[in-house]
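Reading through the structure tokens given below for one structure.
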Amino acid sequence: MVKFILRRIMMMIPQLFVLSVLIFLLAKAMPGDALTGQLANNPKMDAQTLAEMREKLGLNDPLYVQYTRWIKNLLHGDLGLSYVHQQPVTDLLAGRMWNTILLSLCILVLTYAIAVPLGVISGRWQDSWADKLIVGYSYVSFATPLFIFALIMLFLFGFKLGWFPTGGSVDIQLEEGTFDYYISKLNHLLLPSLSGALISTVGIIQYLRSEIIDTKVKDFVRTARAKGVPEAKIYSRHILRNSFLPIAAFLGYEITGLIGGSVFLESIFSYPGIGQLFLQSIMQRDYSVVTALVMISGLATLIGTLLSDIILSVVDPRIRID
Amino acid sequence: MTFLRVNQLKVHYPVRGGFFRKVIGHVKAVDGISFELKKGETYGLVGESGCGKTTTGRTIIGLVKATAGEILFDGKDLTKLSRREFVQYRKDIQMIFQDPYSSLNPRKRVLDIVAEPLRNFEKLSPQEEKRKVQGLIEKVGLHSDSVYKYPHEFSGGQRQRIGIARALTLNPKLIIADEPVSALDVSVQAQVLNFMKDIQKEFQLTYLFISHDLGIIRHMCDRIGIMYRGQFVEEGTKDEIFHDPKHIYTKRLLASIPNADPLRRQEQQKLRQQIEKDYEQLYSRYFDAEGRVYPLKRISETHSVAIP
Amino acid sequence: MKRSVLQIESLRVSFRIQDEYYAAVDDVSLTVHENEVLAIVGESGCGKSALALSIIGLHPPERTKLEGAVVFKGKNLLTQSVQALNQIRGKDIGMIFQDPLTALNPLMTVGKQIEESMDYHTTLSTAEKRNRTLELLEHVGIPNPSQTYDRYPHELSGGMRQRIVIAIAITCNPALLIADEPTTALDVTIQAQIIRLLKNLQQQLNTGILLITHDLGVVAEMADRVAVMYAGEIVELADVHTLFTRPLHPYTRSLLQSIPSLQTPKETLHVIQGIVPPLTKLPRTGCRFRSRISWIHESKHEPHPILREVEPNHWVRCTCYQHFYFPDGGEKA
Amino acid sequence: MKKTEYSPFSVLWREVVKDKLALSSLLLLSLILFIVYGASIVLDQEEIVKVDLLSIYSPPSAEHWLGTDYGGRDILGQLIIGARNSFTIGLAITLLTGLIGLTIGLIAGYFGGVIDNIIMRIIDFILILPFLMLVIVFVAIVPKYNVFTFILIMSAFLWTGKARLIRAKVLAERELDYVSASKTLGTPDWKIIVREILPNLSSIIIVNLTLNLAGNIGIESGLSYLGFGLPESTPSLGTLVSYATNPDVLQNKWWVWLPASVLILVMMLCINFIGQALKRAADARQRLG
């Protein structure tokens with residue numbers, strides 16, 4: 001097991017390397033460099049000082065030297081300096097990262113909490129009215145783009161009905177640490193995460209449904225019936241366990257969707273997370289932040305796929321390597 | 001007259017493992033077998049699942065690459081030929097597949113299925129092509145209108161005959177039949193087996209007949225090779241193998257065949273128990289330390305056994 | 001006379017295909033006695049598997065219609081609730097399936113799969129269940145039972161897996177075993193071992209076995225009595241010796257002639273004309289085999305053929321057997 | 001002599017027509033596309049994007065059926081042009097990624113070995129990339145950014161899923177004996193791929209392309225919504241929706257963003273219902289064998 005995880009991590013290294021090179025080159029290809037932003041803030045800076053600062057920051061070094069320096073800093077947790085906000089990127093990220101992780105977790109929990117029961121109902125009572133309803137819902141949510149759904153949710157429940165706050169991550173008047181503060185935080189999370197979750201359930205529902213329908217007619221289920229296993233236990237012990245297996249593999253890949261989703265959700269609900277930060281930074285040409293965010297997202301996806309593989313190898317005895 | 005000679009043929013697949021997915025061993029699907037086919041005979045390859053009989057057949061026809069050894073056909077070593085050169089020999093060696101369902105493309109009409117080899121090798125006008133295909137289809141006992149139908153409109157036995165018609169299109173000299181009837185019901189089996197015997201005479205075919213069913217092998221074959229874990233255990237004429245088996249593995253295999261006479265049940269059971277006992281006691285005399293059989297040793301003009 | 005364990009009375013099993021029901025098993029009556037192997041033999045599509053699965057209600061109920069009666073221990077199984085059936089399945093009636101790879105849950109150790117049936121049919125403690133499982137593993141000829149207990153199905157060979165399936169079926173010493181093509185997926189040497197194992201179990205446990213197979217060789221090796229099925233009906237029923245030495249029905253005779261025999265080789269095999277008709281096109285009246293022996297005149301068939309006892313314990317359907325001959329010169333026995 | 005109709009297209013077509021929901025979706029979609037493409041020929045794009053300061057945010061009226069935006073521009077006109085652009089671009093991306101994915105998937109699946117290994121490594125790598133972020137970065141840094149570069153950027157990422165799907169199907173198909181048979185009959189590889197394997201994948205490909213078309217329209221309008229989609233000179237449905245980022249517009253000027261949202265929704269639902277019907281038909285066919 002340890003060996004398997006180790007090898008899986010080893011396999012990530014070349015991917016990470018290529019990813020970092022790609023991002024580094026992209027960062028270099030972005031119009032202007034780290035100092036252009038500063039120039040905008042400080043118009044009095046003359047060409048002479050600019051050139052000197054360039055030299056000092058090593059921006060004139062050959063690419064590979066710059067890359068090595070960048071990656072070395074990266075490994076030390078130094079993501080560079082945001083020239084718009086005039087503070088280290090790590091500091092800038094800390095709070096927003098937490099917000100995004102919170103939002104993503106909420107979406108993930110809600111997604112599974114909605115999708116798993118619906119998928120099971122739909123698969124077990126195939127062709128019943130409940131199944132038809134669930135399948136109908138999954139078709140509609142599959143077809144609906146996230147940003148439109150989120151906008152309509154905001155329009156209806158935020159503005160028209162006023163049930164939920166329409167922006168931010170917490171009521172700014174509240175003090176951190178109080179009970180009301182956390183309630184407010186949760187309240188701000190609810191509408192965006194519900195919007196995200198209701199759209200992302202579709203994959204799991206459809207997959208679980210077809211897995212259950214396929215597993216239902218497998219020979220080993222017939223063996224269990226021939227053993228006299230009661231119907232409820234047939235599902236809990238045999239069908240569901242086997243059907244959940246592929247869903248476990250989904251977990252890691254959800255992360256890609258969550259990152260993309262956070263960009264939309266945070267922008268629509270003005271939720272201060274890294275998705276929103278990313279859009280702002282791109283527009284303000286704050287490239288060190290952009291680079292850091294892309295790198296972190298790539299890493300998160302990689303870890304997600306790693307998690308999926310580990311989960312799979314734990315639950316499926318057939319995939320035990322070594 | 002030697003027609004095809006297989007010489008020390010090996011097909012090994014690498015097994016990867018360990019930290020860096022290095023090659024840590026080989027699956028020896030076929031491990032150094034030699035035999036030859038004579039013109040017009042039916043040679044049977046028998047063995048249990050995983051013994052390498054199917055791989056052997058597929059290697060001869062070029063679907064699987066040989067790791068080592070020679071396949072001599074018309075004095076040419078087929079394993080050394082490039083794909084382009086091999087094409088010339090395609091016409092002479094054809095194959096009948098096990099599964100009559102997957103071996104016919106469901107999206108093609110019978111006409112297009114049977115004409116496929118013609119289009120590759122002969123430039124015929126559509127009329128000539130159709131005439132030739134209809135002739136073949138009638139030869140295998142189907143109505144000539146069948147050429148406009150799709151495979152799913154036929155039963156298993158009929159599909160298998162369409163497969164045979166396709167194999168016959170180029171007038172091959174050798175046909176490799178890989179479990180040609182094991183997917184069929186017994187009554188249909190008989191039909192296909194009889195038919196294969198008929199066309200053998202008519203087209204002067206040589207068969208390499210691969211099967212796990214000893215009853216069918218006995219019905220069809222002149223000479224038989226018994227395979228075990230990629231190697232030959234015994235080779236001989238039908239009578240030698242069935243009446244005078246020398247290797248304990250062959251004896252055990254033959255004793256396992258259900259006896260169609262219910263009165264001789266006890267007798268058969270006793271024989272099996274005796275052979276099982278011998279198998280355990282004499283194991284080291286027939287198998288080496290790794291559980292592999294010894295190289296074949298010739299004990300008569302036609303009979304060879306793997307004993308030290 | 002042996003006690004009977006299962007009586008099938010005028011059983012009809014119909015499946016719904018596009019809003020219409022078609023009988024795959026039609027008016028079949030059979031009795032299985034204790035300590036005997038009753039074989040049902042026939043080609044694919046003759047209804048033998050449909051018959052086997054209907055006994056303990058394993059067909060999907062929403063598209064299956066069961067008529068007649070299957071009497072086991074004084075109860076008609078066809079009218080039992082699923083809960084009541086579950087008390088019988090795995091306890092009094094064990095079932096063995098064709099493909100030992102797919103018949104086992106890939107995510108459960110084989111030990112747990114054997115124990116599962118004890119969970120519902122016994123009040124044994126965990127330790128007792130484990131002991132019984134190890135005993136069963138030993139009984140079905142598995143070396144190292146305690147190691148095998150924790151294995152997953154994919155770690156075992158085909159023959160070993162089939163032994164596990166058998167162990168599951170005999171966990172509660174059932175009075176009846178239904179074996180649906182138990183050796184078809186196995187190599188011939190393994191087949192011989194499994195046949196021997198089943199024969200031994202039958203004698204040790206005094207079990208009645210209903211053996212479903214297409215392989216006449218397996219029938220000859222295992223069965224005490226044989227029912228030959230064609231197109232949903234039993235066409236001949238006799239003890240195994242009679243059936244192989246004095247087969248009467250044209251279908252039985254044709255079938256025996258179409259197999260290459262090891263004992264009596266012949267140049268050409270008998271070919272049965274035509275094909276087994278698909279379920280939706282089964283002939284429903286008259287002798288169902290008549291279209292495949294077209295050289296026998298229509299008048300030789302009965303209009304409504306019934307299964308008749310033509311000699312003690314030898315039953316044949318339709319009168320056509322009296323007039324049947326092989327067009328290519330007859331049987332070379 | 002009875003000829004049986006067995007072309008996959010005709011079978012799928014029959015299934016869609018039988019499915020009432022899919023049939024009405026098809027009719028509705030055809031109607032929308034007919035109006036959109038028909039009207040966009042007649043409409044003068046210059047006229048529509050011209051700023052008219054006298055009628056800023058005017059609600060629907062006889063002159064402007066769907067009102068105007070912050071520049072006083074006619075919403076209906078923008079809607080039609082936008083729908084045309086979004087659909088055309090979605091279609092272009094679908095076809096381009098379909099072509100790339102199909103070619104690469106067929107090659108990787110059929111030949112296997114080293115080629116397959118390399119291709120799969122590349123695909124695995126692209127799949128772990130944060131797609132949305134990278135597209136935005138590319139859009140931000142590509143010089144001379146226009147519709148074509150947008151299509152290229154999108155396609156560079158989106159072919160992978162299709163290639164993977166096709167490869168998996170080809171791998172399964174390749175093991176079937178009809179492919180072995182063709183090899184033993186001397187049929188060249190390219191012919192086996194194109195004439196033998198491809199027809200057996202056609203229904204899967206049709207289904208996949210249909211569902212992808214909807215997805216691509218969604219991604220395009222989403223990116224345009226964020227401001228990183230089509231260049232400003234090319235109206236898109238997403239651009240109209242993006243006016244809703246202004247809370248005032250979202251709350252009080254529904255005619256600006258709601259029609260575009262609804263139009264996207266309706267188009268995507270229609271395409272999806274057709275796609276799902278195709279999928280059911282294709283699955284059923286596969287079950288039949």
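Letters A, B, ... are given to chains in the order of the sequence lines, protein chains preceding strands, and every chain is numbered from 1.
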Partner chain D: residue of [options] with the largest heavy-atom pair count (under 4.5 Å):
options                        : value
A/I148, A/T301, A/L146         : A/I148
A/I255, A/L154, A/L151, A/L279 : A/L151
A/L302, A/I23, A/V294, A/I259  : A/V294

Checking heavy atoms, do the side chain of [X], its backbone, both or neither come under 4.5 Å from chain D?
X      : value
A/L19  : both
A/L22  : side chain
A/I282 : side chain
A/V18  : both

Atom pair [atom1]/[atom2] of [X] and [Y] - distance to nearest 0.5 Å:
X      : Y      : atom1 : atom2 : answer
D/S242 : A/F147 : OG    : CZ    : 9.0 Å
D/I128 : A/L16  : CD1   : CG    : 7.0 Å
A/F278 : D/L132 : CZ    : CG    : 7.5 Å
D/W257 : A/F155 : CH2   : CZ    : 5.0 Å
A/S281 : D/I136 : OG    : CD1   : 11.5 Å
A/M11  : D/D124 : CE    : CG    : 8.0 Å

Open item on the list: For the interface with chain A, which of D/L127, D/L129, D/V137, D/L21 has the highest count of heavy-atom pairs at distances below 4.5 Å?
Closed with: D/V137
- [ ] Specify which of D/A214, D/S221, D/G218 makes the most heavy-atom pairs with chain A at under 4.5 Å.
- [x] D/S221
For [X] and [Y], which heavy atoms make the closest approach, and how far apart are they?
X      : Y      : value
A/S297 : D/M133 : OG-SD, 3.2 Å
D/M268 : A/P145 : SD-CG, 3.4 Å
A/Y139 : D/Q276 : CE1-CD, 3.4 Å

Do [X] and [Y] make a side-chain contact, defined as non-hydrogen atoms from C-beta onward lying under 4.5 Å apart?
X      : Y      : answer
D/L226 : A/F264 : yes
A/I296 : D/P130 : no
D/L211 : A/F142 : yes
A/L26  : D/L134 : yes

